**Q** 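Below is a structure I'd like to ask you about.
The chain is numbered in sequence order, starting from 1. Treat the numbers as computed from the prediction; the structure is a model and nothing was measured.
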Amino acid sequence: MKDVLAIAIGGFVGAILRYVVGLWVPPVQLFPLGTLLINWIGCLFLGWFLTMTLNKWKVPPHLRLAIGTGVTGAFTTFSTFSVETLLLLKANHALLALSYVAASVAGGVLLAWIGFRLAKLA
């Protein structure tokens, strides 16, 4: 039950953070820049955070769940990314949709790796 409560509290914080960042970064000429930045930030942070908490910091498991699964899980959004991609395709912006998918996937994996490497250097 403590795990579920930790994830719920973290999810509450992460969802609000995503909403606020989404307001600050509106789409740029139909390109969903806000969602891209949210997902990139989440990938960088999670790569760093999990590496630090599994290898270097002693963090209670509930706190790791609250921040890793709750905050980061609610902050990032694969479903919004997927729907925005479909909306771009439906509006006949295939190149923009393909660019969005490539930037999201390649950039997300790259930033998770950078987060991992930053944690290893710390």
**Q** Of the non-hydrogen atoms in A74 and G11, which two are nearest, and what is the gap between them?
**A**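 That would be CB-O, 3.2 Å.
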
**Q** Using the side chain to side chain contact (heavy atoms under 4.5 Å, CB included) rule, pick out the option among L50, T76, I67 that qualifies with F45.
**A**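 For F45, the side chain to side chain contact (heavy atoms under 4.5 Å, CB included) test succeeds with only one of L50, T76, I67, which is I67.
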
**Q** Measuring only between side-chain heavy atoms, which start at C-beta, is L37 closer than 4.5 Å to W40?
**A**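 With C-beta onward as the side chain, the pair touches.
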
**Q** Between L110 and W48, is there a shared hydrophobic cluster once you connect ILVMFWY residues whose side-chain heavy atoms come closer than 4.5 Å?
**A**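 Same cluster: L110 reaches W48 through Ile, Leu, Val, Met, Phe, Trp or Tyr contacts under 4.5 Å.
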
**Q** Closest approach of E84 and Y100, non-hydrogen atoms and distance?
**A**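 The pair with the smallest heavy-atom distance is OE1-OH, 2.6 Å.
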
**Q** Find the distance between CG (L5) and NE2 (H62) and round it off to the nearest 0.5 Å.
**A**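 With rounding to 0.5 Å, CG (L5) is 9.0 Å from NE2 (H62).
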
**Q** Side chains of K2 and L65: closer than 4.5 Å at any heavy-atom pair?
**A**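 Sidechains of L65 and K2: no contact.
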
**Q** Find out whether F81 and T77 are in side-chain contact, i.e. whether some heavy atom of one side chain is under 4.5 Å from a heavy atom of the other.
**A**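 Heavy-atom side-chain distance check fails, nothing below 4.5 Å.
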
**Q** Does V105 share a hydrophobic cluster with L88, counting links as ILVMFWY side-chain heavy atoms below 4.5 Å and allowing steps through other members?
**A**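 Yes, same cluster.
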
**Q** Would you say W113 ends up clustered with L111 if hydrophobic residues are merged whenever their side chains have heavy atoms under 4.5 Å apart, either directly or through other cluster members?
**A**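 Same cluster.
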
**Q** Please tell me if the side chains of S104 and T35 come closer than 4.5 Å, counting only heavy atoms from C-beta onward.
**A**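 The answer is no; the side chains never approach within 4.5 Å.
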
**Q** Within a strict 4.5 Å, meaning less than it, do heavy atoms of the V59 and M52 side chains meet?
**A**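 No; the side chains remain at least 4.5 Å from each other.
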
